[in-house]
Amino acid sequence: MRKRIKVLSIFGTRPEAIKMAPVIKELESHPDSINSRVVVTAQHREMLDQVLRVFSLQPDYDLAVMRPGQDLFDVTEAVLRGLKNILAREEPDMILVQGDTTTTFAGALAAFYCRIPVGHVEAGLRTYEKYAPFPEEVNRVLTSHLADLHFAPTATARDALLKEGIDGERIVVTGNPVIDALHLAVKRPFRLEPELERVFQENRRVLLLTTHRRENLGGPLREVYRALRGLLDRYRDLGVIFPVHRNPAVRREVERVLAGVERVYLTEPLDYLPFINVMKRAYLVLTDSGGIQEEAPALGKPVLVLREVTERPEAVAAGTAMLVGTGRERVEAEVSRLLEDREAYRRMAEAVNPYGDGNAARRIVQAVLWYFNRGPAPEAFCPPAVGV
Ligand code: UD1
Ligand code: UDP
């Protein structure tokens with residue numbers, strides 16, 4: 001019998017866990033050919049553990065790197081050091097990383113130092129702005145040049161990689177497993193806290209807000225929160241649900257501007273299933289998140305993106321997402337337009353799904369098997385797929 005391929009998945013934050021969960025389930029469904037091992041860096045702690053629970057993931061190793069108020073040096077150093085011994089002990093045939101966090105980049109770098117092939121999930125996203133998002137844009141570029149197998153979610157991402165001289169033979173267009181996770185999640189039962197349920201009952205329209213980008217910390221977030229206060233004064237039927245990221249720098253601004261404001265419901269980060277369901281019921285989404293830019297279009301929710309540039313142009317092109325930056329006036333104007341102009345709202349609320357068809361994990365694992373000459377290459381993902 002041929003030796004099993006040992007694949008070691010490395011991730012550490014909430015969004016990486018959500019997107020890797022379907023991939024790990026798929027790896028585990030090939031026990032005869034794949035030995036799947038999992039390392040969490042725990043760059044996030046509580047927010048990572050929430051996802052591990054939802055998808056019943058049991059890591060083989062936990063580096064427990066998170067420290068309150070950690071900076072980029074802290075995380076990079078701790079991930080590299082933590083992985084050194086594990087890679088030496090496990091000797092995987094390939095490691096998988098996802099996305100653009102410090103865990104992603106440091107994981108790929110550690111594998112490169114050990115001459116272990118790297119597979120990169122969600123490869124090829126680009127804004128071409130070095131500091132936006134920071135440090136994610138550069139993390140992605142560096143990870144692409146460390147990787148040996150690139151799972152591009154869309155044709156746009158594949159083209160970006162080709163432009164940078166990445167070998168086309170090593171790029172597979174798979175769709176994004178965020179949509180696989182959404183498919184799994186929308187079917188599952190969930191419980192919404194009574195306070196959240198009340199927000200939907202007491203307000204005609206609910207806006208879902210999330211913020212956390214490093215380049216938005218401080219002044220830009222303050223502007224956004226002030227815009228929100230203006231909107232709440234003007235629209236008495238508007239309620240806001242705001243699951244606040246655990247980053248203390250985010251919490252400081254929220255406390256300053258939004259604490260105690262009527263019709264703003266501040267909560268701890270929600271578990272993935274209630275979060276998805278709040279998004280499904282919300283009137284619109286205001287966010288600087290990457291993953292939420294992919295989920296909202298699939299759920300038919302207009303999403304206003306609190307950034308100047310995005311690496312996810314597909315939903316903007318399709319008309320469900322709009323870049324609004326963080327300036328108070330612009331945010332107020334664009335939210336007002338969607339609250340007042342039914343036709344503008346309707347145009348943005350059409351479910352489109354340029355990011356996946358729910359089969360990304362299957363293609364990713366097939367591509368891994370193909371890389372090791374254990375099967376044919378997968379068919380490329382080809383949109384459009386509508387809704388979830
Ligand atoms: C990180 C990623 C970002 C990703 C985001 C997803 C980097 C540099 N940033 O940003 O790309 O979009 O995660 O949310 O990789 N904290 C907790 N508990 C948690 C999580 C965070 O207390 O479960 C607090 C800690 O004080 C921690 C701080 O948040 O030090 C910042 O966490 P960190 O992972 O460094 O940055 P994020 O802003 O979360
Ligand atoms: N999410 C969640 N609970 C929340 C907010 C977000 O489960 O309270 C999920 C969301 O569905 C998406 C992911 O977290 O899949 C996005 O993570 P985040 O915005 O932290 O990171 P990014 O995608 O910007 O890297």
Side-chain angles (χ1 to χ4, degrees), residues 11-22 40-55 64-76 78-79 97-107 122 125 133-140 143 176-182 184-186 190 193 196 208-217 221 241-252 265-280 282 285 287-296 298-299 301 303 305-307 310-312 355:
F11 56 92
T13 66
R14 167 174 68 190
E16 293 165 77
I18 290 170
K19 291 169 174 178
M20 283 305 285
V40 294
T41 65
Q43 173 179 338
H44 282 174
R45 183 72 277 166
E46 300 86 347
M47 288 161 58
L48 171 73
D49 291 344
Q50 283 179 295
V51 183
L52 298 180
R53 271 196 306 275
V54 171
F55 290 100
V65 310
M66 200 200 85
R67 298 288 175 269
Q70 64 204 4
D71 65 25
L72 299 174
F73 292 86
D74 301 328
V75 181
T76 309
V79 171
V97 288
Q98 191 285 333
D100 53 19
T101 70
T102 297
T103 288
T104 314
F105 165 58
E122 198 180 89
L125 275 60
F134 172 79
E136 292 83 0
E137 176 69 6
V138 169
N139 282 346
R140 293 172 193 136
T143 303
N176 195 315
V178 74
I179 303 297
D180 302 28
L182 203 54
L184 295 173
V186 287
F190 69 99
E193 289 169 33
L196 281 179
L208 174 62
L209 173 68
T210 81
T211 58
H212 74 81
R213 295 249 79 83
R214 267 181 162 71
E215 65 276 14
N216 283 346
L217 297 178
L221 285 191
I241 295 180
F242 184 4
V244 184
H245 194 287
R246 284 185 177 269
N247 187 337
V250 174
R251 296 200 159 192
R252 257 193 309 277
Y265 182 76
L266 302 175
T267 116
E268 291 299 324
L270 296 174
D271 276 355
Y272 180 58
L273 301 184
F275 183 78
I276 291 301
N277 282 282
V278 166
M279 184 157 27
K280 259 175 86 176
V285 180
T287 191
D288 61 11
S289 161
I292 296 170
Q293 284 179 66
E294 295 155 343
E295 293 161 344
L299 295 172
K301 293 297 155 182
V303 55
V305 182
L306 299 163
R307 303 201 202 169
T310 183
E311 60 290 316
R312 294 167 167 91
Y355 297 111

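Just follow the structure's listing: the first ligand is 1, and inside any ligand the first atom is 1.
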Notebook entry, point to check: Is any side-chain heavy atom of Thr103 less than 4.5 Å from a side-chain heavy atom of Val97?
Noted result: no
Notebook entry, point to check: Can you name the side chain to side chain contact (heavy atoms under 4.5 Å, CB included) partners of Gln50, sequence neighbours left out?
Noted result: Met47, Arg53, Pro269, Asp271
Note to self: I want to confirm something. Looking only at heavy atoms, which of Gly290, Ala296, Ala17 is nearest to atom 22 (P) of ligand 2?
What the structure shows: Gly290
Check: N/O to N/O below 3.5 Å, does that happen between Lys19 and ligand 2?
Finding: no
Margin query: Using side-chain heavy atoms (C-beta onward) and a distance below 4.5 Å, is Val244 in contact with Val250?
Written below: yes
Note to self: Can you give me the closest heavy-atom contact between Asn176 and Asp180, atom names plus distance?
What the structure shows: O-OD1, 3.7 Å
Next item on the list: Looking only at protein heavy atoms, identify the closest one to atom 13 (C) of ligand 2 and say how far it is in Å.
Entry: Ile18 CD1, 3.8 Å
Checklist line | ligand 2 N/O within reach of Ser289 N/O, cut-off under 3.5 Å | finding: yes
Next item on the list: Measure from atom 1 (N) of ligand 2 to every heavy atom in Phe275, Phe242, Tyr272 and give the option owning the shortest one.
Entry: Phe275
Notebook entry, point to check: Are Arg214 and Glu136 within salt-bridge range, i.e. N to O under 4.0 Å?
Noted result: no
Next item on the list: Using salt bridge (Lys or Arg N to Asp or Glu O under 4.0 Å) as the criterion, list what pairs up with Glu268, not counting sequence neighbours.
Entry: Arg246, Arg251
Next item on the list: Would you check if the side chain of Arg213 reaches a backbone N or O of Asp288 as a donor-acceptor pair within less than 3.5 Å?
Entry: yes
Notebook entry, point to check: Which residue supplies the protein heavy atom nearest to atom 14 (O) of ligand 2, what is that atom called, and how far is it?
Noted result: Arg14 NE, 3.2 Å
Notebook entry, point to check: Which atoms form the tightest heavy-atom contact between Thr211 and Leu209, and what is the distance?
Noted result: CG2-CD1, 4.0 Å
Checklist line | Closest heavy-atom pair and its distance - Ile18, Tyr272 | finding: CD1-CD1, 3.7 Å
Check: Going by the atom numbers of ligand 2, which of them fall below 4.0 Å from some non-hydrogen atom of Gly291?
Finding: 22 (P), 23 (O)
Notebook entry, point to check: By number and element, which atoms of ligand 2 are closer than 4.0 Å to a non-hydrogen atom of Leu270?
Noted result: 2 (C), 3 (N), 4 (C), 7 (O), 8 (O)
Note to self: Going by the rule ring-ring contact (aromatic ring centres under 6.0 Å, His included), which residues pair with His212 if we only count those two or more places apart in sequence or in a different chain?
What the structure shows: His245
Margin query: Just to confirm my output: which protein heavy-atom neighbour is closest to atom 25 (O) of ligand 2, and how far is it?
Written below: Pro15 CG, 3.4 Å
Next item on the list: Tell me yes or no: between the side chains of Thr76 and Thr102, is some donor less than 3.5 Å from an acceptor?
Entry: no
Notebook entry, point to check: Who are the residue neighbours of ligand 1 when the rule is a heavy atom under 4.0 Å from any of its atoms?
Noted result: Thr13, Pro15, Gln43, His44, Arg45, Glu46, Met47, Met66, Arg67, Pro68, Gly69, Gln70, Leu72, Thr101, Thr102, Pro135, Glu136, His212, Arg213, Arg214, His245, Arg246, Asn247, Pro248
Note to self: Give the atom numbers and elements of ligand 2 that come within less than 4.0 Å of a heavy atom of Pro269.
What the structure shows: 8 (O)
Note to self: Please report the interatomic distance CG(Leu299) to CD(Glu294), rounded to the nearest 0.5 Å.
What the structure shows: 12.0 Å
Next item on the list: Could you list which atoms of ligand 2 come closer than 4.0 Å to a heavy atom of Pro243?
Entry: 8 (O)
Checklist line | His245, any N or O under 3.5 Å of ligand 2 N or O | finding: no
Margin query: Can you name the atoms of ligand 2, numbered from 1 with element, that are less than 4.0 Å from a heavy atom of Arg213?
Written below: 24 (O)
Next item on the list: Select one of side chain, backbone, both or neither to describe which atoms of Glu295 lie under 4.0 Å from any atom of ligand 2, heavy atoms only.
Entry: side chain
Notebook entry, point to check: Val40 versus Phe11: any side-chain heavy-atom pair under 4.5 Å?
Noted result: yes
